[in-house]
Asker: 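What follows is a single structure, and I will ask about it in a moment.
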Protein chains: 2
Amino acid sequence: MVSDLAKNAYHHGDLRAALLAAATDIITESGVDAVTMRGLAERAGVSRTAPYRHFEDKRALLTEVALEGYRRLAATMAAAREKGGDDPVAALACIGQQYVRFAVDNATHYRLMFGDGAVTAGDAPAIKSASKKAAQDMVEAIQAAQARGLLIDTDPKKLANLLWSASHGLANLLISGQLPRSRAAEYARYMTDSVSRGFLPRPDDQSAR
Amino acid sequence: MVSDLAKNAYHHGDLRAALLAAATDIITESGVDAVTMRGLAERAGVSRTAPYRHFEDKRALLTEVALEGYRRLAATMAAAREKGGDDPVAALACIGQQYVRFAVDNATHYRLMFGDGAVTAGDAPAIKSASKKAAQDMVEAIQAAQARGLLIDTDPKKLANLLWSASHGLANLLISGQLPRSRAAEYARYMTDSVSRGFLPRPDDQSAR
DNA sequence: ACCTGAACACCGTTCAAGT
DNA sequence: ACCTGAACACCGTTCAAGT
């Protein structure tokens, strides 16, 4: 009954969580723009002003939702890296491909994270930390490949930023429909291949795998 | 006096142009979100509902502004290609770098063109045509390079989409501040180099230019 | 502590009415 | 043809007041 006590403390007791869940639902269904403070309140069965007891403003609420996305992205990156197995170049390709897949599969959420009104890393320390963590996975995979002589020896951070750019750009074009979503996986594969091998001919290379 | 007649026909006679100019100014100064139909009307010294005589709704007005951006982008691409001179690989690099430069130099406008609420190519045939024209420049540069054996022989459209992805992604990360804007040119250069040469080592290659 | 009702300052857009 | 005033249906947010 102790838990019931907590739950019943004023209406549902966890309005905060209810609001976040509602926002996440709406974002998934109808996009970030469809989220309104008033609508969230109504959905939670509470007055219009009640949400302001739990979040300073709309931005703060959305920042919290975005944070969850960053955490899931970081987890996806970590999993992708492992999936690459022993081969660090394969691990890197996996990371790039899974990044694009995450973005397309969570398009509306991704927009909140990286889109126009984007909750910047500066908005919350937790976001900065989660996003650094995702980036770190990429950098480490690069360093591992370089240590084995499998990648050219340039600044691994810069190289990571380039792979990030290509993945991010591809993801955006797919999400906005400028490239066909149905070909997402194909393009992602092509992207990671190309970033590794480049477009210049390789005279020494018979094994176009 | 004939021109004055035209100008004086109902207040300024070219409210349409005045509204577009005002919208462009506001977008440049304060971003797309700062554009309001009411504000535009006030700035033009006209009633709130007057703009609706010239544009069906806000989206139609913004589509017109975006179109101007697409035209300028296409012109920039064409100029970049020529700047590459005889060397088609250099032309391609120019295109990528100038694309990023355009995006960063016209950040708010670029957001309108490719951002979240983006006016999609489907919104206006003229946008589709201007954007196809820009893409065509890239494809042709690629085909020219392939004809001379300077690029691997894959689908030039796919290759163009990849370069576009990388450019677009880099541009977005720079605009949103996730990569430092001050290093835009450096990153753009690095991006086009990498997309050409790839990250895998090239044993035959002594001339790392 | 947590919630409410009323209110303020905004939006985009419509519509009957004026010249 | 082009413009206006008043109005409708929305926003985010504040603030005094209730329990």
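Every heavy atom of this structure was used, including side-chain atoms; hydrogens, water molecules and symmetry mates were not.
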Asker: Out of Arg16(A), His54(A), Arg59(A), which residue meets the side-chain hydrogen bond (donor to acceptor under 3.5 Å, both in side chains) rule with Glu64(A)?
Answerer: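 Of the listed options, the one satisfying the test is Arg16(A).
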Asker: Determine whether a donor-acceptor pair (N or O, by modelled atom type, separation under 3.5 Å) exists between the side chain of Thr108(A) and the backbone of Ile27(A).
Answerer: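 Yes, because the side chain of Thr108(A) sits within donor-acceptor range (under 3.5 Å) of the backbone of Ile27(A).
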Asker: Return yes if some donor-acceptor pair links the side-chain N/O of Gln146(B) with the main-chain N/O of Thr154(B) below 3.5 Å, else return no.
Answerer: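 Yes; judged by distance alone, with no hydrogens or angles, the pair exists.
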Asker: Could you state the CG-C1' distance from Asp14(A) to dA1(C), rounded to the nearest angstrom?
Answerer: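 For the pair Asp14(A) CG and dA1(C) C1', the rounded distance is 15 Å.
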Asker: What stems involve DNA chain D, if each pair must be Watson-Crick or G-U and both of its distances must be under 3.5 Å, with 3 or more such pairs in a row?
Answerer: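 Result, WC/G-U stems under 3.5 Å: C:4-8 with D:12-16, C:12-16 with D:4-8.
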Asker: Is there a salt bridge (charged side-chain N to carboxylate O under 4.0 Å, His left out) between Arg197(A) and Asp193(A) once you walk through the steps?
Answerer: CA-CA 6 Å; Arg197(A) 309 185 71 255; Asp193(A) 271 17; over 6 Å; no
Asker: Within a reach of under 6.0 Å around CD of Glu42(A), are more than 12 heavy atoms found that belong to other residues, nucleotides or ligands?
Answerer: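 Atom CD in Glu42(A) is not packed in, count stays at 12 or less.
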Asker: Between Thr63(A) and Ala124(A), which heavy-atom pair has the shortest distance, and what is it?
Answerer: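 What the structure gives for the nearest pair is CG2-CB, 3.8 Å.
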Asker: Does anything in residues 48-56 of chain B come within less than 4.0 Å of DNA chain D? Heavy atoms only, and list the residues if so.
Answerer: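 Listed by number, they are Thr49(B), Ala50(B), Arg53(B), His54(B).
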Asker: For DNA chain D, which residues of residues 22-38 of chain A approach it to below 4.0 angstrom with any heavy atom?
Answerer: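 Heavy-atom cutoff 4.0 Å gives Val35(A), Thr36(A), Met37(A), Arg38(A).
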Asker: CD of Glu42(A) versus C1' of dA9(D): gap in Å, rounded?
Answerer: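 So the two atoms are 14 Å apart, to the nearest Å.
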Asker: Angle between ring planes, Tyr187(B) versus Tyr190(B), binned at 30° and 60°: parallel, tilted or perpendicular?
Answerer: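 Perpendicular: the ring planes of Tyr187(B) and Tyr190(B) meet at over 60°.
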Asker: Find the distance Arg16(A):CZ to dC3(C):C1' and express it as a whole number of Å.
Answerer: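 Taking atom C1' of dC3(C) as the reference, CZ of Arg16(A) is at 17 Å.
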Asker: Tell me, yes or no, whether the heavy-atom count around Asp33(A) atom CG, taken from other residues, nucleotides or ligands under 6.0 Å, exceeds 12.
Answerer: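 For Asp33(A), atom CG is not crowded (no more than 12 foreign heavy atoms under 6.0 Å).
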Asker: Output yes when a side-chain donor or acceptor of Asp87(A) lies under 3.5 Å from a complementary backbone atom of Ala90(A), and no otherwise.
Answerer: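 Such a contact is found between Asp87(A) side chain and Ala90(A) backbone.
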Asker: Any idea which of dT13(D), dT4(D), dT13(C) is nearest the Asp57(A) side chain?
Answerer: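 Closest of the options to the side chain of Asp57(A): dT13(D).
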Asker: Verify the ring-centre separation between Tyr70(A) and Phe114(A): is it less than 6.0 angstrom?
Answerer: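 Yes.
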Asker: Starting from P on dC2(C), measure out to CG on Leu19(A) and report it in whole angstrom.
Answerer: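 The answer, rounded to whole Å, is 13 Å.
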Asker: More than 12 heavy atoms of other residues, nucleotides or ligands under 6.0 Å from CD of Glu29(B): is that the case?
Answerer: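 Counting neighbours around CD of Glu29(B), more than 12 heavy atoms of other residues, nucleotides or ligands fall under 6.0 Å, so yes.
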